[in-house]
Amino acid sequence: MRIGFGYDAHRLVSGRDLILGGVKIPFALGSEGHSDADVPLHALCDALLGACALGDIGTHFPDTDLRWRGADSRVILAETYAKVAAAGYALGNADITIVAQSPKLAPYIAQMRKNIAQMLDCDVSQISVKATTEEKMGFTGSGEGLSSYAVVLLEAI
Ligand code: MG
């Protein structure tokens with residue numbers, strides 16, 4: 001078994017869609033980034049790569065590469081998981097936390113779990129997505145940005 005941890009944060013700006021866990025969430029602001037800046041998916045990718053000691057998302061999907069400009073992070077996750085499979089591992093389970101002051105994410109959690117399970121070809125019971133605020137403290141609390149943490153356990157195939 002291998003364990004991996006990932007973290008990501010993006011600035012919230014106007015004129016961008018807010019896409020979290022593959023769900024487009026109605027909100028005045030969206031996350032800024034080279035790709036679609038899906039923060040929990042990026043944290044999850046880093047956890048998967050970390051578990052295999054394969055580096056990080058920035059190494060494999062550099063923001064200098066035009067291929068990833070505006071990219072759907074679901075594609076980045078699928079390519080990441082292909083690397084995990086090639087290394088001889090499959091997902092045991094993933095636990096993801098999204099930190100955002102607003103909007104309220106509870107209505108979208110089930111769809112995020114479903115999306116991620118589909119992308120990783122596993123059962124939805126293997127995917128946990130949670131959301132929290134930081135009680136108006138720090139950059140998530142002020143609404144300047146949002147962040148996400150992810151932990152995964154991989155099992156040898
Ligand atoms: Mg990112």
Side-chain angles (χ1 to χ4, degrees), residues 2-87 89 91 93-105 108-109 111-120 122 127-134 137-154:
R2 309 272 303 195
I3 191 165
F5 170 76
Y7 172 77
D8 193 34
H10 281 257
R11 193 177 287 277
L12 282 169
V13 295
S14 57
R16 290 273 300 186
D17 286 334
L18 180 61
I19 298 170
L20 299 174
V23 180
K24 189 171 163 181
I25 293 167
F27 191 53
L29 305 173
S31 38
E32 185 178 48
H34 186 69
S35 67
D36 66 5
D38 190 323
V39 178
L41 292 198
H42 290 188
L44 178 57
C45 285
D46 258 1
L48 289 166
L49 292 169
C52 297
L54 284 173
D56 59 38
I57 191 172
T59 312
H60 293 279
F61 310 97
D63 61 10
T64 48
D65 187 340
L66 288 180
R67 188 179 164 208
W68 306 115
R69 180 184 282 175
D72 185 333
S73 292
R74 288 177 293 189
V75 175
I76 293 175
L77 178 59
E79 292 211 9
T80 298
Y81 197 53
K83 295 177 198 296
V84 169
Y89 292 94
L91 184 79
N93 71 299
D95 187 14
I96 302 163
T97 296
I98 304 168
V99 186
Q101 189 61 41
S102 59
K104 284 278 167 258
L105 298 176
Y108 310 105
I109 296 287
Q111 188 59 50
M112 290 183 205
R113 292 178 65 207
K114 214 178 286 183
N115 288 350
I116 294 166
Q118 205 164 32
M119 287 175 250
L120 300 185
C122 68
I127 307 295
S128 161
V129 178
K130 313 189 296 297
T132 187
T133 73
E134 286 183 306
M137 297 182 288
F139 72 86
T140 69
S142 69
E144 185 183 359
L146 69 160
S147 65
S148 181
Y149 301 88
V151 178
V152 300
L153 190 75
L154 302 182

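If you're wondering where the values come from, they're calculated on a predicted model, not measured in any experiment. Start at 1 with the first residue, then count along the sequence. Indexing begins at 1, ligand by ligand and atom by atom, following the structure's order.
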### Query
Can a donor-acceptor pair be found between the side chains of His42 and Ser73 at a distance below 3.5 Å?
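Ser73 and His42 do have a side-chain donor-acceptor pair below 3.5 Å.
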Identify all side-chain donor-acceptor contacts of residues 16-23 below 3.5 Å with residues at least two apart in sequence or on another chain.
from, atom 1, to, atom 2, distance (Å)
Arg16, NE, Ser31, O, 2.9
Arg16, NH1, Gly33, O, 3.3
Arg16, NH2, Ser31, O, 3.1
Arg16, NH2, Gly33, O, 3.4
Arg16, NH2, Ser35, O, 2.8

### Message
Which atom name would you report as the N, O or S atom of His42 nearest the Mg ion (ligand 1)?
### Response
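Output for this pair reads ND1.
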### Query
Tell me, which N, O or S atom in His10 is closest to the Mg ion (ligand 1)?
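The Mg ion (ligand 1) is closest to the His10 atom NE2, counting only N, O or S.
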### Arg67 and Asp65 ion-paired at < 4.0 Å
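No, no charged N to carboxylate O under 4.0 Å.
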### Message
I'd like to know if the Mg ion (ligand 1) has an N/O/S atom from Asp8 within less than 2.8 Å of it, counting both backbone and side-chain atoms.
### Response
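Within the cut-off used here (under 2.8 Å), Asp8 does place an N, O or S atom near the Mg ion (ligand 1).
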### Message
Taking the side chain as everything from C-beta on, heavy atoms only, tell me whether Asp38 gets closer than 4.5 Å to Asp72.
### Response
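A side-chain contact is absent here, since even the closest heavy-atom pair is not under 4.5 Å.
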